[in-house]
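Below is one structure, written out as structure tokens; comments come after it.
Ligands are counted one by one from 1 in listed order, and the atoms in each one are counted from 1 as well.
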Amino acid sequence: MCKKVLGKARKTKPTLPSFEQPIILSRDQHPVSRKHISHNALKVLYRLNKGGYDAYLVGGGVRDILLGLEPKDFDIATNATPEQIKALFRNCRLIGRRFRLAHIVFGREIIEVATFRGHHDNDEDKNCQKTSKQNEDGMLLRDNIYGSIEEDAERRDFTINALYYSAKDFKVYDFANGVADVYAKQIRLIGDPETRYREDPVRMLRAIRFATKLDMTIHADTEAPIKSLAPLMANIPPARLFEEFLKLFMSGKAVENYHMLRDYSLFQYFFPAVDQQLDQKTQVYLADFILLAMKNTDHRVNNDQRVTPAFLFAAMLWYPMQEQIQRLNSETQLTPQDAFFGALSEIMSEQQRSIAIPKRFQAVMKDIWILQEKLVRRDGKRAFKALEHPKFRAGYDFLLLRAEIESASNTNNEQPSELQELAKWWGDFQESNTDTQQVMVKSIVQTKSSPRRTTRKRRKPRVKTSSSEV
Ligand code: ATP
Ligand code: MG
């Protein structure tokens, strides 16, 4: 039906739209209707219209409905300024410095309302650092110049995102031939790709994310400069990169996004230590291990199971951690605990320079790693204590992943590896009653994986770790 509609629209307007003359699809020429839009988003559209302002559903909301998908969220664009929006809604808060916008909060649902953006070509605007600011690479540090709907459309990233639906006349306004690209399944930047990536390098990540999420291809012109402009990613603040990490890796498409990020030399800006080890192939299991962790995450997300980014972070950094521990041990003789905390501090502070991982997730990563050791030492009351650990489940799942990867290279299938045995032991232990558990604990023989140290190592001064780093 939609393709037909597009044909119709093309017939009446055979030429490409210009930003001044968009393709306008009337109510019967597109599938977007109010039943697809959340009540809260409609409320916001109506209230803005009633207040005398123009307001449109824009971006993913329109695009996804055209594709027959359920939009993740609803974004609205208007000619009302943030202050005027705030005056209309009690449940409104203004956010953002680089890009000021209004959040209208309805319990768990937030409707994002942005004022139409304009061009940064006026000297007066350029000189006003509050509204417009650019660094020497062309990156927009402030994007708060307001404009018309036509200018707003030109300032959006991809053609498929420059689609506007009006709840007043029920028409879709297509400023950049986005409807055609939606059906041709093409991700195409608006304007000159290099300039647009320079203004905001995150658009490179967004191109990848939409390509995998919507099963589309990146148009050749949009794709061409990505690899050479990848170094611009170094300008992205770690807090923004954390948000992008979540969108890329926690939305059910982690594996596909990971491959594309690696192909375009973008992965290194998320995990420099991992990227380096992957290139140098210093760790045999690393590539398979992180892939398995991502597959696992995708599977959970796609089956509506709970996921925490901490698990994926712990998996990503596990081998860099092991390498760092070994390096510390080879330089100085440390107790295992000191080597662990020393490596933890170094790995985390390096990682934080790329992605600002919130402290609550850092704490879980640390727990998962510490549990790997705790799960080995099961004698006495230790196994029971480990079972009560609040992050036991995550630690155990992590152990399963390690066992799966490390035993995959075990050619002698008849004999399970130590890790496999350990994972099985814990699987059985959880399912046993207390009496059996006691027997299991008693029958533990000291294996190579749980060595009892016979000679005490001299304690070296502890490597300082600050609580903000672990
Ligand atoms: P989804 O919400 O499904 O991830 P979306 O297209 O709605 O996809 P948002 O991040 O919600 O993406 O942004 C809403 C809209 O804002 C986009 O559709 C696009 O028009 C515009 N936009 C977002 N980020 C940028 C950017 N970095 N540069 C230009 N326009 C952007
Ligand atoms: Mg959106």
Taking only heavy atoms of [X] into account, list the atoms of ligand 1 that are under 4.0 Å away from them.
| X | value |
| --- | --- |
| R63 | 1 (P), 3 (O), 5 (P), 6 (O), 8 (O) |
| D73 | 2 (O), 11 (O) |
| G59 | 18 (O) |
| K72 | 1 (P), 2 (O), 3 (O), 4 (O) |

Could you find the nearest protein heavy atom to [atom] and give me its residue, atom name and distance?
| atom | result |
| --- | --- |
| atom 3 (O) of ligand 1 | K213 NZ, 2.7 Å |
| atom 13 (O) of ligand 1 | R206 NH2, 3.7 Å |
| atom 28 (N) of ligand 1 | R203 NE, 2.8 Å |

Measure from the ring center of [X] to the ring center of [Y] and say whether it is less than 6.0 Å.
| X | Y | answer |
| --- | --- | --- |
| F267 | Y258 | yes |
| W318 | Y285 | no |
| F289 | F398 | yes |

Minimum non-hydrogen distance to atom 31 (C) of ligand 1, winning option of D157, V202, L140: D157
Gap between atom CD of E346 and atom CZ of F341 - 0.5 Å precision: 14.0 Å
N or O pair under 3.5 Å between R196 and ligand 1: no
Polar atom proximity, G60 to ligand 1 (N or O, under 3.5 Å): yes
If only protein N, O or S atoms under 2.8 Å count, total around the Mg ion (ligand 2): 2
Any Y319 side-chain heavy atom under 4.5 Å of I290 side chain: no
Between [X] and [Y], does any side-chain N to carboxylate O distance fall below 4.0 Å?
| X | Y | value |
| --- | --- | --- |
| R196 | E154 | no |
| K247 | E243 | no |
| D279 | R262 | yes |
| D200 | R240 | yes |

[X] and [Y]: side-chain donor and acceptor closer than 3.5 Å?
| X | Y | value |
| --- | --- | --- |
| R117 | N144 | yes |
| S148 | E151 | yes |
| R63 | N161 | yes |

Candidate list H299, K295, M260, test side chain to side chain contact (heavy atoms under 4.5 Å, CB included), partner V255, passing option: K295
4.0 Å heavy-atom contact, R209 with ligand 1: yes
Could you tell me whether [X] approaches ligand 1 through its side chain, its backbone, both or neither, with non-hydrogen atoms closer than 4.0 Å?
| X | value |
| --- | --- |
| R156 | both |
| F158 | neither |
| D200 | side chain |
| D75 | side chain |
| R155 | backbone |

By ring pair (Phe, Tyr, Trp, His ring centres under 6.0 Å) - contacts of Y264 (at least two apart): none
